Amino acid sequence: GEVGLHGSYTAALDLAVLAEEKALLESLAGPIVGHRYHYLRVDVERNLAPLAGLGFRYDTTLGFADAVGFRAGIAHPFRPWDWSADAPAPLVEIPLGVMDVTLAEDRYLGLSTAEAQRRLDAFVDWAAANGGGFSVLWHTDRFDPTTSRGWDRLYFRFIKAVRDRGGVCLPGRELAEEADAWLP
């Protein structure tokens with residue numbers, strides 16, 4: 001396991017706030033290299049590339065809140081573009097492939113766990129056929145068996161489906177380190 005920073009809602013608009021949050025978390029947990037903006041509030045031209053300057057090695061924000069799939073159209077870790085330097089950023093973006101809220105909440109897809117299972121199986125089948133490395137966002141409240149309505153068990157079935165198709169599940173830090181070895 002690993003501890004990463006889930007930058008606050010306002011940190012997406014103010015990198016100084018994000019730096020303070022990172023420093024506070026590091027005082028409690030040690031070095032932090034992974035990040036995701038709250039509510040997926042990433043602005044690819046403004047607040048993604050600067051994460052490297054704050055000491056982050058990777059980010060997992062770039063995904064959809066309302067759909068399963070890859071917001072940048074890329075199913076592998078990649079280096080996001082640094083618009084100010086006109087070059088790839090020294091950061092690994094691990095694309096967000098799927099989020100529990102996307103599947104479960106009425107404001108998005110509003111699926112039952114059975115419907116979500118079918119959607120996840122199709123997604124994992126596609127990833128297995130085409131290759132891919134992505135992040136998954138499953139909120140902690142979905143793991144309380146008394147309130148999760150089956151979403152806790154669905155997560156573990158999803159992880160099993162990845163493994164059954166030859167995939168591996170690992171901490172973001174490890175995937176980012178692997179990607180650093182082959183990304184330009």
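What you see is a predicted model, and the numbers here were worked out from it, not measured in a lab.
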Quick one, E21 with L25, criterion side chain to side chain contact (heavy atoms under 4.5 Å, CB included). Give me CA distance, side-chain angles, the key distance, then yes/no. CA-CA 6 Å; E21 292 174 0; L25 185 56; over 6 Å; no
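- Without hydrogens or angle criteria, R36 side chain to T60 main chain gives a donor-acceptor distance under 3.5 Å.
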Check the pair T113, R153 against side chain to side chain contact (heavy atoms under 4.5 Å, CB included), reporting the backbone distance first and the verdict last. CA-CA 9 Å; T113 56; R153 294 183 305 278; over 6 Å; no
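- For the atom pair E20 CD and L15 CG, the distance stands at 11.5 Å (nearest 0.5 Å).
- Hydrophobic cluster membership is shared by L111 and V98, with clusters built from Ile, Leu, Val, Met, Phe, Trp and Tyr side chains linked at under 4.5 angstrom.
- A 4.5 Å side-chain heavy-atom check between L62 and P80 finds every atom pair outside the cut-off.
- If you chain together hydrophobic residues whose side chains sit under 4.5 Å apart, V101 and L120 never meet in one group.
- Following chains of ILVMFWY side-chain contacts shorter than 4.5 Å, one can reach L51 starting from V42, so the two form part of one hydrophobic cluster.
- Legend: salt bridge (charged side-chain N to carboxylate O under 4.0 Å, His left out) pairs involving residues 74-97, not counting sequence neighbours, sorted by first then second residue: R79-D180.
- The same ILVMFWY cluster, assembled from side-chain heavy atoms under 4.5 Å apart, contains both L175 and Y58.
- Put simply, the side chain of L154 reaches to within 4.5 Å of the side chain of Q117, judged on heavy atoms.
- Applying the 4.5 Å side-chain rule to ILVMFWY residues, one finds that L13 remains a lone member of its cluster.
- Nearest heavy-atom pair, P95 versus A75, reported as atom, atom and distance to 0.1 Å: CG-C, 4.3 Å.
- When all heavy atoms are compared, the tightest approach of I94 to G172 is CD1-O, 3.6 Å.
- Annotation: side chain of R163 is in contact with side chain of C169 (closest heavy-atom distance under 4.5 Å).
- Among all heavy-atom pairs drawn from Y9 and H38, the shortest one is N-CB, 3.7 Å.
- Interatomic distance, CG of L48 versus CG of D43, reported as 9.0 Å (0.5 Å rounding).
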Tell me, with the steps shown, if L5 and F56 meet side chain to side chain contact (heavy atoms under 4.5 Å, CB included). CA-CA 9 Å; L5 179 61; F56 292 107; 3.7 Å; yes
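- By the salt bridge (charged side-chain N to carboxylate O under 4.0 Å, His left out) test, E26 is found to be paired with K22, residues two or more places apart in sequence or in another chain being considered.
- Each side-chain hydrogen bond (donor to acceptor under 3.5 Å, both in side chains) pair with one or both residues in residues 126-140, not counting sequence neighbours, appears once here: D100-H139.
- For the pair T61 (side chain) and L40 (backbone), a donor-acceptor distance under 3.5 Å is absent.
- Between the side chain of E2 and the backbone N or O of R173, at least one donor-acceptor pair lies under 3.5 Å.
- Considering CD1 of I32 and CZ of R57, their distance stands at 13.5 Å, rounded to 0.5 Å.
- Closest heavy-atom contact between P90 and A52: O-CB, 3.5 Å.
- Hydrophobic clustering of Ile, Leu, Val, Met, Phe, Trp and Tyr side chains at less than 4.5 Å, counting indirect connections, unites L109 with W151.
- The two residues A179 and P77 make their nearest non-hydrogen contact at CB-CB, 3.8 Å.
- By the side-chain hydrogen bond (donor to acceptor under 3.5 Å, both in side chains) test, R165 is found to be paired with D125, residues two or more places apart in sequence or in another chain being considered.
- Between L91 and D59 there is a side-chain heavy-atom pair separated by less than 4.5 Å.
- Checked by atom type and distance alone, the side chain of E115 pairs as donor or acceptor with a backbone atom of S112 at under 3.5 Å.
- Taking the six-membered ring for Trp, F78 and F70 have ring centres at least 6.0 Å apart.
- Of all heavy-atom pairs spanning V124 and F158, the tightest one is CG2-CE1, 3.2 Å.
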Evaluate the salt bridge (charged side-chain N to carboxylate O under 4.0 Å, His left out) criterion for residues E105 and R142: first the C-alpha distance (whole Å), next the side-chain angles of each, then the deciding distance (0.1 Å), finally the verdict. CA-CA 12 Å; E105 298 299 316; R142 304 269 187 220; 2.7 Å; yes
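- When atom types are taken as modelled, the side chain of Y37 and the backbone of N47 share a donor-acceptor pair closer than 3.5 angstrom.
- Applying the side-chain hydrogen bond (donor to acceptor under 3.5 Å, both in side chains) criterion to R46, with sequence neighbours excluded, gives no partner residue.
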